[in-house]
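When a ligand or atom number is given, it counts from 1 through the structure's own listing order.
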Amino acid sequence: MDLKVSKFGGSSLADAEQFKKVYNIIKADDARRYVVPSAPGKRFSGDTKVTDMLYECYERSAEGASFEELFNKITERYNGIISDLGLDMDLSDEYEVIRSAFRVKAGRDYAASRGEYLNGKILAKYLGYDFIDAADVVFFNASGTFDSAATYDMLGEVLKQHERAVIPGFYGSMPNDTIKTFSRGGSDITGSIVARAVNADLYENWTDVSGFLMADPRIIDSPRSIDYITYHELRELSYMGATVLHEEAVFPVRKVGIPINIRNTNKPEEKGTMIVTEVPASIEKGHITGIAGKKGFSVVIIEKDMMNNELGFGRRVLLAFEKNGISFEHLPSGIDTMSVVVSTKALENKKEQLLKEIKDLVEPDHIYVENGLALIAVVGRGMVRTKGTASKIFTAISDNDINIKMIDQGSSELNIIIGVAEDDFEKAMKAIYAQFK
Ligand code: ASP
């Protein structure tokens, strides 16, 4: 039998109605043996996530202010779910432990982690699954980084003894037994870790969208959804701002080739997006996978005759960036020009010093900065085999009277990145999408 690890996000477990959908999904497939929940998320726009309420409670207790009223709102949310589901369950003792811990200021991460902990208790009871506290099986080093070796050993061993279990997401414990969380949205990471520890056939990540879309729906009208995407392509698109999954969630499963399936709890009949190492040949279509982009970039342009003959030129330019703590995004260069693309924010308050250092280090003929650049990445493994992708992009852009300010194609032929003026960004995205939809 296949083995699936299923992670459910905050909106999938925001109230009893959502819990019922999750129940039906899990009971529909016997392979869904390990379940990783987030804390209850927003029930409607304008609502507050339980995690945010817990952070707020912590801030109040740390300042010595009263947090009781807010804490009661949290317990009301859980009690509401319990009673709406008709569960025979009372979490009063748990609430009391948490309340006392708040009083002695048990820590910000401890506070936040209780959202997943309590939700996990309820979900385990509702499903009839065992509950495993993540603090006993997910470990961090004393420095606060994830301890993969200790975690995989322990999780693998413990889960062997539980046929079906709920393991709350987002947190684990430190060597001194205090609670530590991953960064926000980190239940995605826990799900991936559990999938790796039990060597699952599939890691399902259930959320409120049916996977990744080919382009940002705020710019493109009803873009097509992506059926299959490789881990590599996903990295490229996420870097440009396409977010559905926590960035770090791909690493544990990617190493051992476990695919991730992004699914929609509210539309379980849709197949969602499969994230895989390699797309099966029978499914390959050859067109591009997605388009993503961002505004807010600047280019530092350095010109000097015969630059190409000057040994160490590039290294010295980049040294100036490094010394100023600015990391660069792209480096499209010509024979006598070098351009360094950085985020405009990274240049803030550092521009004068940076330019001075570059001047001292390489004595350029000209050096100047252009702001207001937007980058668009056209990503697709299919580019390697399909001719004419670049020409389609550039025709689309020039037919729309848009000036291309920069072009960068990685040698892996996985993406083409173009720079346009920020004012042309939306128009360029639409023009490119129209060529590939
Ligand atoms: N509840 C946590 C957050 O809101 C973690 C998660 O949902 O993945 O960030």
Side-chain angles (χ1 to χ4, degrees), residues 5-15 18-19 21-22 25 34-59 70-71 73-75 77-78 81 91 94 98 102 106-124 131-135 137-138 140 144 146 151 166-173 179-196 203-209 211 234 238 242-253 260-266 275:
V5 170
S6 311
K7 181 260 167 180
F8 290 87
S11 59
S12 302
L13 293 164
D15 58 20
Q18 293 300 91
F19 264 73
K21 292 180 190 167
V22 168
I25 289 167
Y34 299 114
V35 181
V36 176
S38 281
K42 293 184 184 185
R43 292 159 292 183
F44 42 84
S45 78
D47 195 16
T48 312
K49 291 178 172 190
V50 164
T51 309
D52 290 318
M53 294 162 91
L54 285 162
Y55 278 125
E56 174 72 25
C57 263
Y58 167 78
E59 305 300 343
L70 186 56
F71 191 76
K73 285 206 175 122
I74 298 173
T75 60
R77 277 199 70 173
Y78 287 112
I81 294 172
L91 289 176
E94 299 282 358
I98 299 170
F102 272 5
R108 192 169 188 271
D109 283 12
Y110 168 80
S113 73
R114 296 306 88 185
E116 270 68 15
Y117 173 84
L118 293 170
N119 225 22
K121 287 254 159 178
I122 300 174
L123 186 60
F131 173 82
I132 295 173
D133 188 350
V137 286
V138 176
F140 291 84
F146 170 58
T151 301
V166 171
I167 308 105
F170 193 35
Y171 70 94
S173 60
I179 297 288
K180 165 101 188 120
T181 65
F182 292 106
S183 55
R184 292 301 305 264
S187 298
D188 285 347
I189 307 175
T190 309
S192 182
I193 290 168
V194 173
R196 162 93 177 263
Y203 169 32
E204 294 181 327
N205 193 292
W206 292 84
T207 174
D208 54 4
V209 290
L234 180 65
S238 326
T243 51
V244 174
L245 188 70
H246 192 295
E247 240 196 340
E248 288 164 43
V250 299
F251 299 116
V253 284
I260 306 176
N261 190 190
I262 308 287
R263 300 282 297 262
N264 189 344
T265 302
N266 305 316
I275 308 167

Polar atom proximity, [X] to ligand 1 (N or O, under 3.5 Å):
X    : value
G185 : yes
D188 : no
K7   : no

Under 3.5 Å, is there a donor-acceptor pair between the side chain of D188 and the main chain of A249? no

Heavy-atom contacts with S38 under 4.0 Å: which atoms of ligand 1 show up? List them by number with element. 6 (C), 7 (O), 8 (O)

Go through ligand 1 atom by atom and flag the ones less than 4.0 Å from a non-hydrogen atom of R184. 3 (C), 4 (O), 9 (O)

I'd like to know whether ligand 1 has G169 as a neighbour, heavy-atom separation below 4.0 Å. no

Under the 6.0 Å and 45° cation-pi test, does R196 pair with F251? no

Do D208 and K42 sit within salt-bridge range, that is, some charged N less than 4.0 Å from a carboxylate O? no

Residue-level breakdown please: for E116 versus ligand 1, do any non-hydrogen atoms fall below 4.0 Å on the side chain, on the backbone, on both, or on neither? side chain

Protein heavy atom at shortest distance from atom 6 (C) of ligand 1: S187 OG, 3.4 Å

So which heavy atom on F131 is nearest to which on A124, and how close? CB-CB, 3.9 Å

Give the ring-plane orientation class for F8 versus W206, where under 30° counts as parallel, over 60° as perpendicular and anything between as tilted. parallel

If you measure only the distance, is there a donor-acceptor pair under 3.5 Å linking the side chains of D109 and Y58? no

